[in-house]
There are 2 protein chains.
Amino acid sequence: MSNETRQITTAFQKLALFWRASQWQAAGGAGLNPTQGEVLQRISRRSARLGELAAMLGISQASLSDTVSSLEARGLAERRPDPEDGRVRRIEATAAGRRVAADLPQAPAALERALEEMSDTDRAALARSLVGIIRALQEADAIPVQRMCVSCRHFRPFAHADAARPHHCEFVDAAFGDASLRLDCDDHEAAPAGEAAAIWRRFETA
Amino acid sequence: MSNETRQITTAFQKLALFWRASQWQAAGGAGLNPTQGEVLQRISRRSARLGELAAMLGISQASLSDTVSSLEARGLAERRPDPEDGRVRRIEATAAGRRVAADLPQAPAALERALEEMSDTDRAALARSLVGIIRALQEADAIPVQRMCVSCRHFRPFAHADAARPHHCEFVDAAFGDASLRLDCDDHEAAPAGEAAAIWRRFETA
DNA sequence: TGATTATAGTTAGGAATCCTATATAGTTTC
DNA sequence: GAAACTATATAGGATTCCTAACTATAATCA
């Protein structure tokens with residue numbers, strides 16, 4: 001393994017610890033813990049199945065069920081039956097839950113500042129590298145499929161000549177640039193396996 | 001805030017969750033939990049004060065004291081008095097603890113593979129960006145001071161003409177390249193504030 | 001159709017995290 | 001030598017998060 005790989009994993013480790021610690025602080029302000037805060041943010045954007053949330057957070061369904069129950073007890077979330085499948089519970093944020101979620105920072109402020117201080121090209125390169133890493137982890141089944149443009153059936157990389165906005169999303173039927181690539185898009189629909197690989201190759205080698 | 005900053009923080013969030021989940025798995029194999037595993041790895045490299053470990057992990061001292069007690073109960077760690085300060089306990093790994101730590105993966109295998117697949121230049125750029133981010137967080141007092149070359153009094157960036165090994169460590173009195181930059185060096189000694197800033201400027205603008 | 005198997009989620013039970021607050025011991029300051 | 005500070009430990013408690021077992025629904029297939 002290369003030395004740089006070691007550097008990078010060490011850095012990720014530090015960032016992961018930092019992230020977790022920041023979450024205790026941030027969520028703590030609202031009387032929540034990190035997991036509750038994370039769940040609340042996600043469901044306030046889009047309702048989700050319980051199992052889906054558990055997979056995203058990397059904890060067991062049972063643990064997540066606990067967390068949802070405690071959010072429910074505080075009136076911040078609700079379980080609703082899914083009309084299409086009687087086994088499924090869709091977890092939704094209540095209005096109060098959305099208000100609380102809106103006050104939670106999306107990312108630690110210090111991290112945002114650090115990123116804003118980077119040069120535009122470095123930041124763009126970093127974003128691109130990280131998208132690639134997440135995609136590789138997703139491919140390796142190490143993390144659940146993420147709602148990223150690069151694995152979405154609506155995504156057409158480099159469909160336009162305009163260098164500033166070369167990509168196209170067929171769902172919203174609009175051109176956009178690298179900076180607008182989504183990692184967690186509400187309108188994501190997973191592309192079929194073969195197609196996803198082809199999309200990625202086009203994106204990556206451009 | 002730029003869109004790319006949003007992308008990057010989202011990516012870090014996913015990586016942080018992934019890291020934590022991987023740790024449950026990895027440490028679980030040895031009958032440990034993530035925090036115990038993390039502590040054991042650190043003290044098996046170098047003994048540390050209790051408060052120092054707590055700061056590194058971003059948890060309270062009280063929590064860390066619990067964790068150390070449970071490692072102690074399993075015979076994996078020991079508390080020893082510090083000869084220089086009677087209040088301080090140095091936490092050390094026992095021989096058994098070091099054996100267990102040696103079997104814990106330093107990073108999730110899938111992540112290492114993903115990094116190895118990147119091009120050398122991309123990987124080097126990523127490493128450099130992450131070092132910069134960690135340094136910025138450290139500057140902002142968002143994370144405890146890390147044992148990084150770029151904040152070490154022994155580090156002399158670009159002291160040599162050799163492009164492959166331009167830096168110099170005065171502690172080991174040897175030249176080395178970017179790929180060998182340490183993020184968690186055993187021999188780190190924090191540089192005085194003014195000097196550290198100057199070192200970083202030289203490093204960054206080169 | 002009806003039995004079997006698989007899936008989604010809940011509940012039970014328990015160990016352990018991680019918190020805040022307080023206590024203790026040692027060190028530094030004045 | 002008292003007061004203030006620092007490093008750690010302990011107490012008490014809410015909550016996480018686990019595994020295992022259970023219920024309810026859906027899909028499969030003979």
Side-chain angles (χ1 to χ4, degrees), chain A residues 17 19-40 43 47-74 76-92 144, chain B residues 17 19-40 43 47-74 76-92 144:
Chain A
L17 289 170
W19 191 281
R20 186 85 184 169
S22 301
Q23 282 230 306
W24 266 104
Q25 268 206 304
L32 304 171
N33 63 40
T35 305
Q36 291 173 340
E38 195 101 42
V39 168
L40 195 54
I43 62 177
S47 77
R49 303 170 158 222
L50 194 136
E52 199 183 343
L53 287 170
M56 286 196 291
L57 301 191
I59 62 179
S60 70
Q61 283 196 353
S63 297
L64 191 70
S65 189
D66 284 350
T67 295
V68 170
S69 298
S70 80
L71 288 174
E72 220 169 20
R74 288 168 209 239
L76 302 177
E78 279 177 342
R79 289 174 222 244
R80 291 175 175 277
D82 184 312
E84 308 202 336
D85 185 334
R87 297 167 301 182
V88 171
R89 301 301 161 100
R90 300 206 67 86
I91 316 301
E92 294 181 9
Chain B
L17 290 169
W19 192 282
R20 186 86 184 165
S22 301
Q23 282 230 306
W24 267 105
Q25 268 205 304
L32 304 170
N33 63 41
T35 304
Q36 291 173 339
E38 196 101 42
V39 168
L40 196 54
I43 62 177
S47 78
R49 302 170 159 222
L50 194 136
E52 199 183 345
L53 286 170
M56 286 197 290
L57 301 191
I59 63 178
S60 70
Q61 284 195 352
S63 296
L64 191 70
S65 189
D66 284 351
T67 295
V68 171
S69 298
S70 82
L71 288 174
E72 220 169 21
R74 289 168 208 238
L76 302 177
E78 279 176 342
R79 287 174 223 246
R80 291 176 176 277
D82 184 312
E84 308 202 336
D85 186 333
R87 297 166 299 181
V88 170
R89 302 303 161 101
R90 299 206 67 84
I91 316 300
E92 293 180 9

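In what follows, chains carry the letters A, B, and so on, assigned in the order in which the sequence lines appear, proteins first and then strands, with residues in each chain numbered from 1.
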Measure CG/A:Leu53 against P/C:dA8 and give the value in whole Å, please.
14 Å
Whole-Å distance separating the CG atom of B:Asp66 from the P atom of D:dT10
10 Å
How long is the line joining CG of B:Leu17 and C1' of D:dC17, in whole Å?
15 Å
Would you kindly give the CZ-to-P distance between A:Arg89 and D:dA26, to the nearest whole Å?
11 Å
Rounded distance (Å) that lies between atom C1' of D:dT19 and atom CG of A:Leu64
16 Å
Pair B:Arg90, B:Glu78 - check side chain to side chain contact (heavy atoms under 4.5 Å, CB included), show working.
CA-CA 8 Å; B:Arg90 299 206 67 84; B:Glu78 279 176 342; over 6 Å; no
Spacing of B:Ser70 atom OG and B:Leu32 atom CG [to the nearest 0.5 Å]:
8.0 Å
Could you go through A:Ser47 and A:Arg80, starting from their C-alpha distance and side-chain angles, then the distance that decides it, and tell me whether this counts as side chain to side chain donor-acceptor pair (under 3.5 Å)?
CA-CA 10 Å; A:Ser47 77; A:Arg80 291 175 175 277; over 6 Å; no
Determine the minimum heavy-atom distance between A:Leu40 and A:Leu76, stating which atoms define it.
CD1-O, 3.8 Å
Would you say a side-chain N or O of A:Asn33 is under 4.0 Å from OP1 or OP2 of C:dC18?
no
Short side-chain N/O contact to D:dA9 OP1/OP2 from B:Ser69, under 4.0 Å
no
Of C:dT10, C:dC18, D:dA9, the nucleotide closest to the side chain of B:Arg20 is C:dC18
Quick one: is B:Gln61 getting a side-chain N or O under 4.0 Å of the C:dC19 phosphate, OP1 or OP2?
no
Quick one: CD1 on A:Ile91 to CZ on A:Arg79, what's the gap to the nearest 0.5 Å?
5.5 Å
Using only side-chain N and O atoms of B:Thr35, determine if any of them is under 4.0 Å from OP1 or OP2 of C:dC18.
yes
Find every protein N or O atom lying less than 3.5 Å from an N or O atom of nucleotides 22-25 of chain D, and list the pairs.
unit_1: D:dT25; atom_1: O3'; unit_2: A:Gly86; atom_2: N; d: 3.3

Atom CD in B:Glu38, atom CH2 in B:Trp19: separation rounded to 0.5 Å?
7.5 Å
Pick base, sugar-phosphate or nothing for B:Arg74, based on heavy-atom distances below 4.0 Å to the nucleic acid.
sugar-phosphate
Counting the atoms with a prime plus P, OP1 and OP2 as sugar-phosphate, which does A:Arg90 contact under 4.0 Å by heavy atoms, base, sugar-phosphate, or nothing?
nothing
Could you tell me the separation between the CG atom of A:Leu64 and the OG1 atom of A:Thr35, rounded to the nearest 0.5 Å?
8.5 Å
Has B:Arg79 got a side-chain N or O lying under 4.0 Å from the OP1 or OP2 atom of D:dT8?
no
Let me test you: for the helix from C:dT1-D:dA30 to C:dC30-D:dG1, what is the angle between the axes at its two ends (five pairs each), rounded to 10 degrees?
30°
d(CD, A:Glu78; C1', C:dG9) in whole Å
18 Å
Separation between CZ of A:Arg49 and CG of A:Asp82, rounded to the nearest 0.5 Å:
6.5 Å
Rounding to a whole Å, what distance do you find between B:Glu84:CD and C:dT28:P?
11 Å
Can you tell me if A:Ser60 touches the phosphate of D:dC18, counting only side-chain N or O atoms and a distance under 4.0 Å to OP1 or OP2?
yes
What is the distance, rounded to the nearest whole Å, between atom CH2 of B:Trp24 and atom P of C:dA15?
14 Å
With a 4.0 Å cutoff (strictly under), does any side-chain N or O of A:Ser63 reach OP1 or OP2 of D:dC18?
yes
Checking side-chain polar atoms at under 3.5 Å, does A:Ser60 have a donor or acceptor matched by the opposite partner on A:Ser63?
yes
Give a yes or no answer on whether the side chain of B:Ser65 reaches the backbone of B:Gln61 with a donor-acceptor pair at less than 3.5 Å.
no
